[in-house]
Amino acid sequence: LAHFAHEHALWFARARATARHAGSRVLEMTTEALLDSPARALARVEAFLGVAPHAPYTMPSTRKVKGHSE
């Protein structure tokens with residue numbers, strides 16, 4: 001796991017450096033931010049992409065399906 005974390009960190013460092021040199025923008029988002037507030041995370045993605053916000057989304061994991069228990 002430590003090796004994977006190290007390689008992961010190196011990959012992201014190279015990706016950030018490459019994007020900066022290419023003049024590209026990079027949106028960084030943690031899994032925790034996505035899980036803590038999916039609506040806020042989606043708003044950040046929409047703002048980053050420059051697309052109009054959509055109606056509130058329901059995450060599939062929280063949507064109740066008629067006739068099924070969770």
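The first residue in the sequence is number 1, and the count goes up from there.
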field: Between CG on residue Leu42 and CG on residue Leu34, distance to nearest 0.5 Å
entry: 9.0 Å

message: Applying ring-ring contact (aromatic ring centres under 6.0 Å, His included), can you list everything that pairs with His8, at least two apart in sequence or on another chain?
response: Phe4, Phe12

message: Under 4.5 Å between side-chain heavy atoms, counting indirect links through other Ile/Leu/Val/Met/Phe/Trp/Tyr residues: same cluster for Leu35 and Met29 or not?
response: no

query: How long is the gap from CG on Leu27 to CG on Leu49, to the nearest 0.5 Å?
result: 8.0 Å

From His6 atom NE2 to Trp11 atom CH2, the distance as rounded to the nearest 0.5 Å: 15.5 Å

task: Answer yes or no: is there a donor N or O on one side and an acceptor on the other, between the side chain of Arg40 and the main chain of Ala33, under 3.5 Å?
output: no

